[in-house]
Structures are given as structure tokens and as C-alpha cells.
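Just below is one structure, and these are the notes that go with it.
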2 protein chains.
Amino acid sequence: MAEIPNTNREQAKVVDLASVQAACHGCSLRQLCLPMGVNQVDLHRLDEIVRRSRPMQRGKHVFRLGDQFHAIYAIRSGSVKTYTMTDAGSEQITGFHLPGELIGLDAIATGSHPCGAKALETATVCELPFLQLEELAVQVPSLQHQLLRLMSKEILSDGELLTLLGKKSAEERLAALIFSLSARFKERGFSPNEFRLSMSRNDIADYLGLAVETVSRLFTRFQQQGLIDVQNKQVTIRDHDRLKELAGSNAEDRAPQARA
Amino acid sequence: MAEIPNTNREQAKVVDLASVQAACHGCSLRQLCLPMGVNQVDLHRLDEIVRRSRPMQRGKHVFRLGDQFHAIYAIRSGSVKTYTMTDAGSEQITGFHLPGELIGLDAIATGSHPCGAKALETATVCELPFLQLEELAVQVPSLQHQLLRLMSKEILSDGELLTLLGKKSAEERLAALIFSLSARFKERGFSPNEFRLSMSRNDIADYLGLAVETVSRLFTRFQQQGLIDVQNKQVTIRDHDRLKELAGSNAEDRAPQARA
DNA sequence: CGACTTTTTGATCCGATTCAATACGCGTGG
DNA sequence: CCACGCGTATTGAATCGGATCAAAAAGTCG
């Protein structure tokens with residue numbers, strides 16, 4: 001399954017290059033996103049139903065809380081946060097999403113978006129009208145499979161987050177987030193050890209179920225401990241192993257005084 | 001879409017009655033479970049791939065953590081808890097599941113069960129071999145739709161749980177659990193105001209991310225406040241509205257000192 | 001009935017929140 | 001280019017909710 005480079009030798013018209021990159025089959029995220037495992041022919045059919053957004057800037061909504069559901073969205077570039085509102089004003093952030101990830105899946109059941117999605121930085125998304133997608137999935141088993149897989153992955157990662165929020169200390173939570181981002185950047189071909197946090201401290205705190213102040217203090221502490229380097233939003237991981245250990249769970253530290 | 005009663009007038013052999021009840025089309029959970037929206041003809045095809053378990057008693061596993069994935073399961077009767085293990089021994093319970101709910105969906109992506117499932121009381125489940133289910137879903141759009149719907153529902157409820165664990169106080173958490181159980185019992189035709197908790201206090205604590213002692217104290221307090229009546233595992237809801245309010249979020253109470 | 005597990009209750013402790021204040025980063029306009 | 005102002009982030013001190021430790025009480029089961 002050789003990668004097709006982002007150039008088109010045969011007819012190198014500008015237009016073609018652009019459209020190839022825009023289309024699923026030219027997208028660098030193909031292997032992470034819905035198209036994975038879908039053959040070239042069927043990929044064109046998927047391409048036909050995809051609507052690509054123009055770049056949307058920081059703070060713009062992909063969809064709002066309560067919007068009627070008609071499509072799911074794949075992040076194409078940039079990053080997006082999803083959130084719900086607790087009855088008072090505070091947001092509970094349910095996820096930070098990177099390119100290749102699908103959002104809006106939680107709306108299928110109810111027909112309206114139970115959470116909103118907002119760009120954390122300039123971002124582009126692909127809109128996948130759900131009715132058409134469903135129809136196509138019936139005809140393209142590999143697409144159905146990948147859709148189920150991605151939904152399952154979402155359920156899986158929600159489950160992990162549940163453990164995080166249910167059982168882990170503030171320290172572990174932040175370590176886990178940094179570690180998760182690192183791993184996901186790596187998957188996408190970016191440096192796993194040096195990246196920019198597109199979300200604010202406040203967003204991080206909301207996501208992790210902590211107070212902003214706590215998050216801030218932790219960043220400072222992690223830096224003092226030589227785990228990471230933080231400069232505003234720029235993070236450099238200094239001790240990947242220790243970070244991983246902390247993220248995975250240092251539960252053993254707290255475990256019964258076994259291991260004399 | 002008239003309801004078909006649980007009896008079979010035409011050929012009332014005992015065997016038939018049993019097999020009708022056992023089959024999806026005779027199942028009282030049809031409207032909640034995977035069969036919803038699937039027509040009679042296709043329902044028979046679904047029936048052919050379903051494997052019904054004999055009753056499994058309390059503590060028995062439907063599947064274990066790490067088991068290879070080959071099927072998802074629908075609860076048919078009784079109740080089941082799903083859980084993961086944090087690296088130290090403590091379980092994080094990820095859900096309590098009632099008849100008509102699907103479990104094992106989180107394993108599709110990885111091929112092995114990231115969480116275990118254990119009967120909380122005597123329970124029966126329907127095993128749905130995934131490969132066959134997927135195949136059938138391609139041929140039966142309404143089945144595909146319902147599968148996606150149920151997965152979406154799972155993602156949705158995970159999201160709610162996230163908010164619960166991320167943002168809510170111990171009080172709110174327990175109220176939310178009781179309220180959720182009440183609502184789900186109601187859906188299934190049981191009394192919403194009087195039911196038995198099939199799980200232990202410990203399970204509840206693990207699920208809610210609290211200590212057992214806290215849960216216990218809260219039950220006592222709720223009773224003193226006249227919200228509920230608790231007698232061991234038997235719960236009677238006394239003030240449905242106040243419980244709902246507490247569960248939904250009494251965030252306003254804590255909100256800015258507005259409302260002078 | 002007696003051993004064991006589960007639940008409840010009480011006392012103490014600690015991590016994280018909250019309140020308060022300062023510092024920093026960044027865009028704007030002088 | 002620097003001064004100003006506003007939102008974001010950091011730091012410090014006090015407080016509190018829930019965990020933990022300890023022990024009694026109530027169920028459960030052979």
C-alpha cells in the first residue's frame with residue numbers, strides 16, 4: 001500500500017494538485033481517518049459526499065451545542081475542542097481533537113449535538129453528511145468497518161478518560177494529557193517531544209476536572225522536576241519515561257506497603 | 001408497528017412459546033435493543049447469528065479484561081458491570097448495564113477487550129459474533145443504523161459520566177446515579193421509584209470515583225433529608241424532583257453570588 | 001451459631017479548591 | 001518603539017470536601 005506523494009506527475013496543472021490534496025485519496029491523514037482500508041474506487045465515492053470547510057479561525061464553532069445533527073466532521077488541520085455546558089456557565093471539555101479524528105459522533109443517537117465543537121486555532125474540517133455516509137457504508141463494507149472502528153476507539157478513549165477523572169490525582173491527570181498529546185502528535189508525524197499546546201490553561205483544567213491554579217502549579221512543578229520544559233504554550237518533554245510512568249499510574253507508590 | 005404479544009396463538013406447543021420468547025422477535029426488549037427498527041424478515045436473520053447464554057450467576061464473567069474480541073453482547077436479563085483495572089489492583093467501574101444494553105463495543109477498535117464484564121446478579125446475555133453482525137449490517141441498513149445509534153448512545157452517556165466525574169460533587173454524583181437508574185428502570189417497564197441496587201456500595205463508589213465511606217454517608221444523608229429511603233440494597237425514591245435537581249446540577253447554588 | 005464480608009459511623013488528615021494579588025504576554029494606538 | 005490595558009497565567013495563603021485510618025454494627029452464609 002505504497003504512499004502516494006503529494007504531487008501528481010501526469011497532469012501537473014495547479015488545479016489538479018490542489019484538488020488531489022483536498023480529496024481523501026491525497027490526504028496525508030488517510031491512514032488515520034475514515035478512508036483507512038477503503039479502496040481507491042470507493043474512496044472516490046466517499047470524496048463525493050465530503051464537504052471541505054474553508055479554514056476557520058480560533059474560536060469559531062464547527063457546530064454548536066444543541067445544533068441539529070446532520071453530519072459528522074473529520075478534523076483536517078488544526079485542533080478543535082468539544083465541550084458541554086454544565087447548567088451553570090462552566091464548560092466541561094470532553095476532548096481535544098487533532099487531525100484525522102472524528103467529532104460529532106455522540107449526536108447520532110439523539111439527533112442533536114449534545115456538545116459543541118470550537119476551533120482552538122485555525123483549523124479546517126471535512127463535513128460528512130450522515131445520511132449519505134450511512135448509505136455509502138452499506139455499500140462499502142470497509143467503510144462501515146472503519147466507521148465502527150472509529151466509534152469504538154472513541155468509546156475506548158472515553159473509558160480511559162473516565163479512569164483518569166475517577167481515580168487519578170491531579171499530577172497523574174496532567175501527565176496523562178501531555179503524554180497522550182505527545183503520542184498523538186507522533187502518530188501524525190510531528191515531533192512527540194516538542195509541541196505547542198493549542199488550548200489555554202483554562203481548557204486544560206476544565207478537561208482534567210481541575211482548577212486552573214492547580215494546572216499552573218503542576219506545570220511549574222513538572223518543570224522543576226525536570227520532566228518537561230514549559231514556555232508559555234510550548235512544551236518540550238525532557239524525561240519521556242518518567243512522564244509515561246507518572247501518566248500510566250504511579251498507583252504502586254500509593255499501593256499497600258507490600259514490597260518490603 | 002403493532003406490538004406482538006408474547007404468546008403464539010397458532011401453534012401453542014410449549015417448545016414454540018419458549019423459542020419465541022428466546023428469539024429477538026419475541027423479546028420484550030426489542031424496542032431498546034439492536035432489533036429496534038429491523039423488520040420481521042431481517043429479524044430472523046439476526047436471530048440466526050445470536051447465541052443466547054444460559055443464566056450466569058453473580059460474579060461470573062461475560063468476558064474478561066484482555067480477552068480476545070469476537071463478539072459484542074446484549075444484556076437480556078439481570079445486570080452487569082464493566083470495569084478496567086488500574087495498574088494497582090483497584091477497579092474503575094465504567095458502567096452498570098441493564099437489559100437491552102450492549103457491552104463490549106469498546107473492543108472493536110483494538111481487537112481485545114479493554115474492560116471486563118461481570119454479572120452483578122444472575123443474568124443472561126445474547127452473544128453477537130461481530131464478524132457476522134457486521135456482515136449482516138451491510139445487508140440490513142436498519143440494523144447498521146441501530147448499531148451506530150447504540151454506539152453513539154454509548155459515547156453520549158460516557159460524555160455525561162465524564163462531566164459527572166470531572167465537575168460534580170460527591171452528592172451530585174450519587175444523586176445522578178440513582179436518578180439514571182430510576183430512569184432506566186422506567187424505560188424497561190419497572191417501577192422508577194422503587195428498585196433494588198444490584199451492585200455493592202463498593203461498586204458504586206468505584207463507579208463514581210468516591211470512597212465507599214463517602215457513598216455510605218451520602219445514602220444516610222439522603223435518607224435524613226427525605227430524598228430517598230434506603231434499606232440495604234432496596235431504594236425508594238421519596239422526592240423525585242429534588243433528586244433530579246440535585247443530580248442535574250445544583251451548580252447554581254455555588255454559582256457567582258448573583259441573584260442578590 | 002460463629003466466621004466473614006459488607007456497611008456504617010467517627011476522627012483525623014491531606015490534596016486540591018478558592019480567594020486574593022501579582023506578573024506576564026500580547027495586541028492597540030499614541 | 002514604547003506605554004497602556006486586558007486577558008491569561010502564576011504564585012501565595014487559607015479553607016474545605018472527601019480520603020484515609022480505625023473500629024463498631026449489620027448482613028450473609030456455611
Side-chain angles (χ1 to χ4, degrees), chain A residues 57-59 81 86 88 90-93 120-121 164-175 177 196-224 228-235 246 250-251 253-257, chain B residues 57-59 81 86 88-93 120-121 164-175 196-224 228-235 246 250-251 253-257:
Chain A
Q57 44 186 168
R58 178 186 165 78
K81 68 173 173 182
T86 108
S90 83
E91 347 188 276
Q92 164 71 32
I93 292 187
L120 284 165
E121 61 194 315
L164 195 74
L165 295 180
K167 283 271 168 337
K168 305 219 179 162
S169 70
E171 237 187 7
E172 294 170 303
R173 294 185 198 191
L174 185 60
L177 173 62
R196 218 184 122 271
L197 299 169
S198 58
M199 68 295 286
S200 71
R201 296 287 191 267
N202 226 308
D203 285 339
I204 294 177
D206 274 334
Y207 178 66
L208 297 176
L210 301 170
V212 208
E213 293 93 327
T214 305
V215 171
S216 183
R217 279 183 250 271
L218 285 172
F219 271 122
T220 315
R221 190 181 335 156
F222 281 179
Q223 182 151 25
Q224 286 166 351
I228 57 171
D229 236 23
V230 199
Q231 212 130 230
N232 305 326
K233 303 200 169 260
Q234 197 66 26
V235 170
L246 194 58
N250 53 13
D253 299 17
R254 280 180 277 128
Q257 44 285 54
Chain B
Q57 42 185 168
R58 179 185 165 78
K81 67 174 174 181
T86 108
S90 82
E91 354 189 88
Q92 166 71 31
I93 291 186
L120 283 166
E121 60 193 315
L164 195 74
L165 295 181
K167 282 271 167 338
K168 305 217 176 163
S169 70
E171 237 186 7
E172 293 169 304
R173 295 183 198 192
L174 185 59
R196 216 186 125 268
L197 299 170
S198 59
M199 66 296 285
S200 70
R201 298 286 192 270
N202 224 306
D203 286 339
I204 294 177
D206 274 333
Y207 178 67
L208 297 176
L210 300 170
V212 207
E213 294 93 326
T214 306
V215 171
S216 180
R217 279 183 249 271
L218 285 172
F219 270 121
T220 314
R221 191 181 333 156
F222 281 179
Q223 181 151 25
Q224 286 168 353
I228 57 172
D229 234 22
V230 200
Q231 211 130 231
N232 305 324
K233 303 201 170 260
Q234 196 66 25
V235 171
L246 194 57
N250 53 13
D253 299 16
R254 281 179 276 127
Q257 47 284 55

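A, B, ... follow the sequence lines: proteins, then strands. Residue 1 opens every chain.
Contact check for B:E172 versus B:L164: no side-chain heavy atoms found under the 4.5 Å cut-off.
Among the nucleotides D:dA9, C:dG25, C:dA16, the one closest to any side-chain atom of A:L210 is C:dA16. With distances taken from any side-chain atom of A:A211 to the nucleotides C:dT17, D:dA9, C:dT8, the minimum falls on C:dT17. Which of C:dG25, C:dA16, C:dT8 sits closest to the side chain of B:R201 comes down to C:dT8. Nearest nucleotide to the side chain of A:E213, out of C:dG10, D:dG18, C:dT18: C:dT18.
In this structure, B:K233 reaches the C:dT7 phosphate: one of its side-chain N or O atoms is under 4.0 Å from OP1 or OP2. Applying the 4.0 Å criterion to OP1 and OP2 of D:dG18, one finds that B:R217 has every side-chain N and O outside that range. Within the structure, every side-chain polar atom (N or O) of B:S216 is placed at least 4.0 Å from both OP1 and OP2 of C:dT9. Between A:T214 and C:dA16 there is no side-chain N or O to OP1 or OP2 distance below 4.0 Å.
Rounded to whole angstrom, the span from the CD atom of B:Q223 across to the C1' atom of C:dT9 amounts to 15 Å. The nearest whole Å value for the distance from the CZ atom in B:R173 to the C1' atom in D:dA19 is 12 Å. At whole-Å resolution of the value, NZ in B:K167 and C1' in C:dT18 are 15 Å apart. Atom CD in B:Q224 sits about 12 Å away from atom C1' in C:dT8, given to the nearest Å. With rounding to whole Å, B:D206 atom CG is found 12 Å from C:dT7 atom P. Note: CG (B:N202) to P (C:dT7) measures 7 Å, nearest angstrom. Nucleotide D:dG17 holds its C1' atom 16 Å from the CG atom of B:L165, rounded to whole Å. Rounded to an integer number of Å, the gap from B:Q231 CD to C:dT7 P is 15 Å.
Once rounded to the nearest 0.5 Å, the distance linking CG of A:L197 with CG of A:L177 reads 7.5 Å.
The backbone N or O of B:L208 sits less than 3.5 Å from a side-chain atom of B:R173, completing a donor-acceptor pair. A:R58 contributes a side-chain N or O that, together with a main-chain N or O of A:L120, makes up a donor-acceptor pair within less than 3.5 Å.
Side-chain atoms of B:Q92 and B:D206 include no donor-acceptor pair closer than 3.5 Å.
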